[in-house]
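When reading the values below, keep in mind they use all heavy atoms of this one structure, side chains included, and skip hydrogens, waters and symmetry mates. Count residues from 1 along the sequence.
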Amino acid sequence: MFIFDAVLAAGLALQAAPAVPVAPPVTVPPVAAPVTAPVAAPVAVPVARDVPPPPDQVMAIPEELRAAFRAQVVDVTKIPEQRVRRMVDFMFDKAGLALEYKGDATNTVAESYRTRQVNCLSFALLAVALAREAGLRAQGQEIDRVLAWNLVGNVVMQSLHANAVVTVKDRDLQVHDDRDFVLDIASGGLYTQDYIVHGYKVTDDRMLAAFYGNRAMELLAAGRLQESQAWLDKALAFDPEDATLWNNAGVLSLRLGDPARAEEQFLHAARRDSRHTSVLFNLVGLYEARHDATRAAYWRERANRILRRDPFYQFSLGERNAQAGNYEDAVAYYRRAISLDGRERLFHFALARAYVKTGQLGRAEKELDAAARLSEGAERERFQAKLDALHAMAAR
């Protein structure tokens with residue numbers, strides 16, 4: 001996952017979700033190419049995470065990786081779109097890198113090559129670097145509508161998603177428009193840009209800030225606070241206006257025993273993004289710890305007002321109740337999420353699953369059908385298979 005926020009919310013994992021929660025819950029939402037000599041097998045070398053690497057090393061391609069990539073992709077074709085497709089095969093196939101997803105694998109390109117493990121951010125870094133090696137235009141992309149809350153130690157991590165966008169000339173159109181392709185570890189495939197409706201391209205500096213910031217939060221969760229500070233300082237140097245990084249700086253200051261500095265950093269973050277729920281909840285916690293009921297109530301109301309209109313937060317409450325076996329309550333939250341954003345196929349699928357658990361097969365069928373209609377490719381086929389199975393179940 002693409003870790004953005006550390007939220008001081010210890011003890012929330014087992015709390016029942018209130019109708020209008022005062023703090024976030026903890027849930028866990030993420031072409032064939034010619035075969036030449038396979039890329040060398042990964043070497044089990046521990047990844048050093050103590051000192052932030054220089055920025056020019058984050059996306060640097062090792063010579064062994066460059067040689068294999070050029071042999072299997074660049075030297076095979078000069079056609080840009082074919083290079084994109086062969087690059088995808090190179091990243092996922094056994095004859096190439098055979099990448100595996102690992103949530104905390106915030107790696108440099110060299111580390112991803114060495115370990116064959118990536119999270120969505122390190123996958124995006126690797127994809128952008130390889131695309132540029134192939135002479136293609138490429139940028140990272142953030143997806144700000146993919147949301148999850150995860151407990152790491154006693155820190156709640158709010159997660160977003162990242163992938164890569166490669167731009168090529170569309171040779172089939174007389175006007176020769178540019179065409180974007182999305183490379184995504186979550187799906188293991190390649191999509192045209194219209195597949196991602198909530199993404200936006202980001203600069204290399206933003207990706208570097210996210211890389212250093214992710215590592216900072218991994219170190220914070222592990223209790224390595226001084227090392228975390230060095231990584232977070234590096235992240236802020238690349239994106240000094242980012243509310244998330246200032247929020248995380250406030251969390252780290254609290255852990256270092258400096259609540260006054262943490263307050264300044266949280267308020268600084270809130271001025272940059274007044275709807276950043278992690279910042280709002282951290283301010284609530286800060287003022288509650290000081291027994292400042294007036295300020296705590298002010299920030300709590302601001303947070304709740306936002307979350308009541310946040311479909312992914314309502315979905316997360318549904319997930320939490322479903323995991324606890326409270327399917328009737330889960331149905332209510334999923335329906336609330338759909339009322340706020342009916343285009344999200346994940347909401348419809350989750351509601352269908354909850355309806356099955358409550359014996360409402362007819363309603364489950366309608367929601368699965370909606371999820372399938374909102375999907376495409378292999379995902380649509382999976383939803384259709386589930387729908388067919390539900391038809392068979394209802395017929396018995």
Side-chain angles (χ1 to χ4, degrees), residues 1-8 30 42 44-62 99-129 140-143 148-164 185 202-256 265 269 278:
M1 305 297 277
F2 192 10
I3 301 172
F4 271 80
D5 307 287
V7 185
L8 289 183
V45 178
V47 175
R49 297 175 177 268
D50 298 338
V51 179
D56 60 353
Q57 290 184 17
V58 175
M59 296 176 67
I61 300 175
L99 295 174
E100 295 182 355
Y101 178 83
K102 187 171 183 287
D104 62 351
T106 303
N107 293 330
T108 65
V109 167
E111 290 164 351
S112 296
Y113 171 63
R114 193 164 65 237
T115 65
R116 303 298 202 269
Q117 293 179 334
V118 292
N119 60 14
C120 63
L121 174 60
S122 49
F123 174 83
L125 291 167
L126 176 61
V128 169
Q141 179 172 243
E142 292 180 8
I143 316 299
W149 301 87
N150 299 285
L151 187 64
V152 181
N154 62 346
V155 179
V156 177
M157 297 291 191
Q158 183 184 17
S159 303
L160 303 182
H161 185 54
N163 54 32
I185 185 65
V202 295
T203 65
D204 286 2
D205 279 358
R206 174 60 195 144
M207 284 203 297
L208 287 169
F211 168 78
Y212 292 119
N214 272 21
R215 286 256 183 112
M217 292 303 97
E218 291 166 5
L219 289 164
L220 182 147
R224 297 163 64 180
L225 303 185
Q226 297 300 331
E227 294 163 82
S228 175
Q229 185 72 71
W231 286 85
L232 192 51
D233 289 345
K234 196 82 169 177
L236 282 166
F238 280 95
D239 198 349
E241 299 303 313
D242 185 71
T244 292
L245 294 177
W246 282 106
N247 172 69
N248 292 351
V251 173
L252 180 56
S253 291
L254 281 179
R255 292 300 175 90
L256 290 169
Q265 290 164 329
S278 295

* Asked: Looking only at heavy atoms, what is the nearest atom pair of Gln226 and Leu256, with distance?
  -> NE2-CD2, 3.6 Å
* To do: Over all heavy atoms of both residues, which pair between Leu225 and Leu252 is shortest? Give the atoms and the distance, please.
  => O-CD1, 3.8 Å
* To do: Heavy atoms only: give me the nearest Leu99-Phe123 pair and the separation to one decimal.
  => CD1-CD1, 3.9 Å
* Asked: Can you name the residues that form a side-chain hydrogen bond (donor to acceptor under 3.5 Å, both in side chains) with Ser112, not counting sequence neighbours?
  -> none
* Evaluate side chain to side chain contact (heavy atoms under 4.5 Å, CB included) for Thr106 paired with Met217, printing each intermediate quantity in order. => CA-CA 11 Å; Thr106 303; Met217 292 303 97; over 6 Å; no
* Asked: Which pair of heavy atoms, one from Trp231 and one from Pro53, lies closest together, and at what distance?
  -> CH2-CD, 3.3 Å
* So, do Gln57 and Thr108 sit near enough that their side-chain heavy atoms are less than 4.5 Å apart? -> no
* Name all residues meeting the side-chain contact (heavy atoms from CB on, under 4.5 Å) criterion together with Pro62; count only those two or more places apart in sequence or in a different chain, and write none if there are none. => Leu65, Val109, Ala110, Tyr113
* Measure the spacing between CG of Asp205 and CG of Asp239 and express it to the nearest 0.5 Å. => 8.0 Å
* To do: Find the distance between CG (Asp104) and CG (Asn214) and round it off to the nearest 0.5 Å.
  => 10.5 Å
* Rounded to the nearest 0.5 Å, how far does CG of Asp242 lie from CG of Asn247? -> 9.5 Å
* About how many Å separate CG of Leu121 and CD1 of Ile185, when rounded to the nearest 0.5 Å? -> 12.0 Å
* Separation of Asn163 CG from Gln141 CD (nearest 0.5 Å) -> 4.5 Å
* Asked: What are the two closest heavy atoms between Gly213 and Leu245, and how far apart are they?
  -> CA-CD2, 4.2 Å
* **Test log, rule side chain to side chain contact (heavy atoms under 4.5 Å, CB included), inputs Lys234 and Arg215** => CA-CA 10 Å; Lys234 196 82 169 177; Arg215 286 256 183 112; over 6 Å; no
* Asked: Just by distance, do the side chain of Ser228 and the backbone of Arg224 share a donor-acceptor pair under 3.5 Å?
  -> no
* Asked: If we only count heavy atoms from C-beta on, is the Asp204 to Phe238 side-chain gap below 4.5 Å?
  -> no
* Structure fact -> Residues passing the salt bridge (Lys or Arg N to Asp or Glu O under 4.0 Å) test with Asp233, sequence neighbours excluded, are none
* Residue pair Tyr212 / Pro55, side-chain heavy-atom distance below 4.5 Å -> yes
* Asked: Under 3.5 Å, is there a donor-acceptor pair linking the side chains of Ser122 and Asn119?
  -> yes
* **Least distance between heavy atoms, Ala209 atom then Ala235 atom** => O-CB, 3.4 Å
* **Close side-chain approach of Arg114 to Asn107, heavy-atom, < 4.5 Å** => no
